[in-house]
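Note on naming: letters A, B, ... go to the chains in the order of the sequence lines (proteins, then strands), and numbering restarts at 1 for each one. Scope of the values below: all heavy atoms of this structure, side chains included, with no hydrogens, waters or symmetry mates.
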Amino acid sequence: MPLFDRAAGVNLPVHHRRLGYVFQDARLFPHLTVRQNLTFGRWFAPERAPQAEIDRVVEMLGIGHLLSRRPGALSGGEKSRVALGRALLSSPRLILADEPLAALDEARKAEIIPYFERLRDEARVPILYVSHSPAEVARLATTVVALDAGRVVAQGPAAEVLGDPEVMPLGPRGAGAVIGARVAAHHEDGLSELQAGGVPLFLPRVAATVGTTVRLRIAAQDVLLSRTRPEGLSALNIVPGRIDSIRRGAGPGAMVALDTPAGRVLARVTQRSVGALGLSEGAECFAIVKTVSIAPDDVSG
Amino acid sequence: MPLFDRAAGVNLPVHHRRLGYVFQDARLFPHLTVRQNLTFGRWFAPERAPQAEIDRVVEMLGIGHLLSRRPGALSGGEKSRVALGRALLSSPRLILADEPLAALDEARKAEIIPYFERLRDEARVPILYVSHSPAEVARLATTVVALDAGRVVAQGPAAEVLGDPEVMPLGPRGAGAVIGARVAAHHEDGLSELQAGGVPLFLPRVAATVGTTVRLRIAAQDVLLSRTRPEGLSALNIVPGRIDSIRRGAGPGAMVALDTPAGRVLARVTQRSVGALGLSEGAECFAIVKTVSIAPDDVSG
Amino acid sequence: EDVTVFAAASMTEALGEIAARFTDETGTGVVLSFAGSSALARQIAQGAPADVFISANADWMDVLQADGRIVEGSRFDLTLNRIVLIAHDAAMAEVDITPSLDLGAMLEGGRLAMALTEAVPAGIYGRAALDHLGLWDAVAGQVAEADNVRAALMLVATGAAPLGIVYYSDAVSTPDVRMLGVFPEDSHPPITYPAARIVGSGDAAQSFLDYLQRSPAVDIIAEHGFWAPGG
Amino acid sequence: MDWLGPAEWEAVRLSLRVAAVAVAASLPPGIFVAYALARWRFPGHGLLNGLVHLPLILPPVVTGYLLLLGFGPQGPVGGVLEAVGLPVAFRWTGAALAAAIMAFPLMVRAIRLSIEAVDPGLERAAATLGASRVWVFLTVTLPLTLPGIIAGAILAFAKAMGEFGATITFVSNIPGETRTVPSAIYAFLQVPGGEDAAVRLVLVSVGVAMAALVLSEWLARAVARRVGSA
Amino acid sequence: MDWLGPAEWEAVRLSLRVAAVAVAASLPPGIFVAYALARWRFPGHGLLNGLVHLPLILPPVVTGYLLLLGFGPQGPVGGVLEAVGLPVAFRWTGAALAAAIMAFPLMVRAIRLSIEAVDPGLERAAATLGASRVWVFLTVTLPLTLPGIIAGAILAFAKAMGEFGATITFVSNIPGETRTVPSAIYAFLQVPGGEDAAVRLVLVSVGVAMAALVLSEWLARAVARRVGSA
Ligand SMILES: Nc1ncnc2c1ncn2[C@@H]1O[C@H](COP(=O)(O)OP(=O)(O)OP(=O)(O)O)[C@@H](O)[C@H]1O
Ligand SMILES: Nc1ncnc2c1ncn2[C@@H]1O[C@H](COP(=O)(O)OP(=O)(O)OP(=O)(O)O)[C@@H](O)[C@H]1O
Ligand code: MOO
Ligand SMILES: [Mg+2]
Ligand SMILES: [Mg+2]
């Protein structure tokens, strides 16, 4: 069903489009309680969401204790969650989230992202999520469309687009690959062990049960390269691979794309190091990633 | 001169306090041009700032081309600069900046910080700068007072407070030491070479002339440790030192404080690595810092 | 200097003509201020700069006189008026206003327009006449009281009310109403328009008062539907 | 309050009824016009705004005269109203009509300002949740403008209580039907010595008006608190 | 415009002067009272608000009568004014006073609302730059409320042009001195055949009022655009 088509003279009124919109500012109705905000869209939906659905969303977003409050008494993060629930409960065919976290500080963002993850995994609604944040995109996206100056510069599965050294709409400091890994064990010293294509990775405790698969974003600038397997380093994660491409930027840096058993890994190094280490396409080398560099933000459950 | 003293019954009216306040939202007067905003405080100052002073501030903040515009037509970063200039030109005895950059996005923040640096170095007004951002504090502060839950947890010169592993009001991910270094050379491959206590450091081009001293913040989580001098790594900066203290946190991490010829360096590693490498107080080891990890944001000119 | 005359609004047109003549003949200017008699009387009581007051009823002049506001001996009755029954319907037949008049039937459910029967002189006189003729009780529930006699006239002129009671001078002022009959002179107290000089006024005021009682002025007043004293 | 005679009491009761009906009846069109002026751009916007304000500016007697021409027994609208069993000429309903028209600009201004203060973003958000224009208005705009509507209604009520010129010109002064407090005050001021009775009624009007104004401020603040800032 | 006779022109000119002086003289106190109502909390806040609104609510004749008692030659204030060479009784200055008082509530309401819309944060910022309360008001609050002040002033002007009841009761209906357009309309309605002249003057009033309203909307929008959003 087309929403807008000037040629065909179609312009479906907004309230018939069934697009759940999550705004940057939460736009909760200040005169309604959280419960009334959540069920607002329900009155207009073609088939009204059953109470069980409401309970499920409330539970999923962890807002059960807020239901009788008014928006004025919520924190920024709580507002965002309610806004998300409100959009969900209007039975949309698609959710549009336009930089929904941009107005929140880091702590608040970290609080919300897991809810978007659950939404992605549990709800049966596709989400179009617009963001400038590489961490958000890496954690949430299954398919990425990268725009630069209004043009599509790449699109495809998240791992491919984010692992492509040619595509850096967020600049080299925002670049980073996404790899999938299975949780192998949680160790007593607070580390989780993951398996990515046979390569063991150690991370601060991951909030996922053993056996499940998570996605990790490894920022290119957190990766060191070495021609030989390094010994006696504090970094626990050493991934062997083969250099697929080296892209020299305008400045002193270079983006090295490495094919590893764990998947594509990007490393941002200086051109001087490229020369000093004799890195070239096809060469074997090791990517070194500090355990603590992979922030909880960068792991998607 | 006391501003407020309940016991003595003193409560100087705000307009007599001569405290230049830089608000989080710029609070420019929308009905006045940038020039009129800048000279607003001048009318009330005891000795009116001369035109040359205005020209100097305008030049320092790079807002000469905005003078005849109204605030509505300025970007967020431009507004911040004008607000700063306005406070400066009211001849304050002290400038209070309460999270002046919190409302700006990263690009905007990076645009403003250099102006605060110039202000710190060139203006003869002390600045009390409140911030949650370790990068901002490291770049700008000469003296730091760390507050946690409303209590002073540390105070002293920036390098000391920020290099103290016991003081982490911003959490371990915000920890990092500050060291001073002299610019030794700018190389053709886009790197600058600095000397810190005899240790050479390579960084992406630093905006300071050869011979001047800059301050670098090295985030604890960007530092790797090695018991032996590592070879064949892409990281160009290797600093030898002796472990001063190891502080184990509640999680899997540990904060290692290293005394080096360049000064105090903090490294955040896993407790597992501490065990594996046999790190202990008094042990010699090497800190490895990626060249590209030191962002332009973390270098203060 | 000019003579300032405060006069009842119903005298607007007649006094306008007289004042113009007076100025032509004597060279003395006349400033005319028209409003309801009660408003003017209150203003004079509060020290308004009036030289001459012409009231539409005797009560307010009595109040000023008791107050010492008017020059002793200057008061006289300028003219008289009568109240009449008027209709909107130009085809309606004239009637004799007697106790046997069936006003209720003539109204056909419509309203009888009058000025306020407790406050405005025209209404007070009308009520007195209806009482005297024994007609009041029959129509009391159908009276629409307007804030002044001109407003009552307008109600009939526009047809909002089929019948009304106004001054004779009002009835002749517009072709939009038909005069059905004049109330008997003895059915209500005499309707006098007293005029007087206000304390502090000069000789010009006296000569204007004198002028009002002479030939052209008297005729002009009569032309506008007022009745000469004793006529 | 036995210092008010029965006729005076009757006038007070009637004025209260007239003002209440005037406000109740003019509230829906008032809200509609305020909404149109605040949110729509259309040809004749300025004209509509001017028309709404006219009663504030015209001498009330002129307004009353125009009402008489239009709504009187012979008037085009008056005839229709009479036919449908809602006569206004010389009825308290007519007094309410006159009061409503005189108070309309005050009501519309207050409501318009509070509609303009509602964030259109909230209305757009409601639309994305499936609410049609009418529902958006009823569920979002209307509740959020409640403080302004209450303030406007109470101000209009006070004005309606005090309306005199248009009322007496349009529906005259019929005891028990159209003789409101201001008509009674006027009548008392016309007779020598009537000041005392007039003063008593003025005090009643002032008391009612003051109470209405204080109540309006208080209610508006209370509602604003309840609605809160999002 | 030779369809207006000399007497009518005189009334129009006088009304324009009376309304202009009324607005100009009441603007400073209007701004002050609006500021006090918008920004200060003090005992008697509700009372002041009620007092300001009184002329909107009292029958104009009552207001005029009270003015006559207070400002007439025998009144307590009137005597003082007379002594200092500013007599108002039965002068055009008195007509301006009556018009100003009747228009005051409209002006204050408009200005108060626009003051309430100014971000107090801007005023605090001005204070940190060394501006005292008065300077903050003059350099920040006042310019930012300009749209509301203009709208309020023009609305008050229109109302002042149309004021009748209080004016004729207070200063009578003296040609060239206090015979404003509404008084002239009243006088014309008293004479047979005067309706035409009355209608002409009503048209002039309506025209002036409409122009004022449209101008006020336009100016307020223009100023709001100029002041912009910070
Ligand atoms: N289809 C369009 N036609 C004309 N102008 C457009 C169109 N789309 C966007 N613009 C203009 O481009 C500008 C930027 O648009 P918009 O704010 O939607 O960009 P954005 O990519 O969402 O930016 P941001 O990342 O800051 O949110 C706006 O000024 C808008 O008016
Ligand atoms: N001296 C004080 N007395 C009483 N309450 C205070 C005092 N100082 C602050 N508060 C209260 O503590 C709360 C937090 O204060 P404030 O916003 O100044 O903290 P902050 O440290 O600046 O926080 P942020 O980093 O978010 O800006 C506020 O609710 C404030 O009312
Ligand atoms: O002329 Mo009057 O004073 O309206 O009866
Ligand atoms: Mg956008
Ligand atoms: Mg703070």
Side-chain angles (χ1 to χ4, degrees), chain C residues 2-17 19-20 29-36 38-51 53 56 67 69 119 146-151 153-154 157-158 166-167 169-177 200 223-225, chain E residues 5 7 10-11 59-79 81-82 87-92 94-95 98 164-180 182-198:
Chain C
D2 292 348
V3 182
T4 300
V5 179
F6 277 27
S10 48
M11 301 287 296
T12 302
E13 201 172 36
L15 280 179
E17 284 181 34
V30 179
V31 176
L32 292 167
S33 177
F34 297 106
S38 57
L40 295 171
R42 281 183 202 284
Q43 288 167 351
I44 291 168
Q46 289 297 323
D51 298 314
F53 179 41
D67 235 24
R69 289 278 166 186
D147 59 327
N148 66 51
V149 66
R150 285 285 166 169
L153 177 69
M154 189 182 67
T158 58
V166 299
Y167 290 124
S169 58
D170 300 317
V172 301
S173 71
T174 169
D176 294 336
V177 300
E223 276 167 30
H224 287 96
Chain E
E10 186 180 51
V61 180
V62 172
T63 306
Y65 184 55
L66 294 176
L67 283 175
L68 186 61
L69 293 183
F71 291 83
Q74 322 267 303
V77 193
L81 287 178
E82 196 113 11
V88 292
F90 308 103
R91 305 295 278 268
W92 70 269
F164 166 64
T167 306
I168 199 168
T169 310
F170 175 34
V171 290
S172 211
N173 178 21
I174 302 169
E177 190 72 42
T178 63
R179 193 191 205 235
T180 56
S183 295
I185 292 172
Y186 172 80
F188 280 121
L189 286 178
Q190 301 299 317
V191 297
E195 290 85 356
D196 289 356

For the residue pair V31(C) and P175(E), what are the closest heavy atoms and their distance? CG1-CD, 3.8 Å
Closest non-hydrogen atoms of G36(C) and Y186(E), given as atom of the first, atom of the second and distance, are N-OH, 4.0 Å
Determine the option with the most heavy-atom pairs under 4.5 angstrom with chain E, choosing from D170(C), L153(C), D176(C), T12(C). T12(C)
Less than 4.5 Å to any heavy atom of chain C: does that hold for the side chain of V171(E), its backbone, both, or neither? backbone
Which pairs would a plain distance check flag for residues 40-50 of chain C, meaning a side-chain donor or acceptor within less than 3.5 Å of a matching protein atom at least two apart in sequence or in another chain?
unit_1	atom_1	unit_2	atom_2	d
R42(C)	NE	L189(D)	O	3.2
R42(C)	NH1	E195(D)	OE2	2.4
R42(C)	NH1	Y65(E)	OH	3.3
R42(C)	NH2	L189(D)	O	2.5
Q43(C)	OE1	S172(E)	OG	3.0
Q43(C)	NE2	I168(E)	O	2.7
Q43(C)	NE2	T169(E)	O	2.6

Can you give me the closest heavy-atom contact between N173(E) and F34(C), atom names plus distance? ND2-O, 3.0 Å
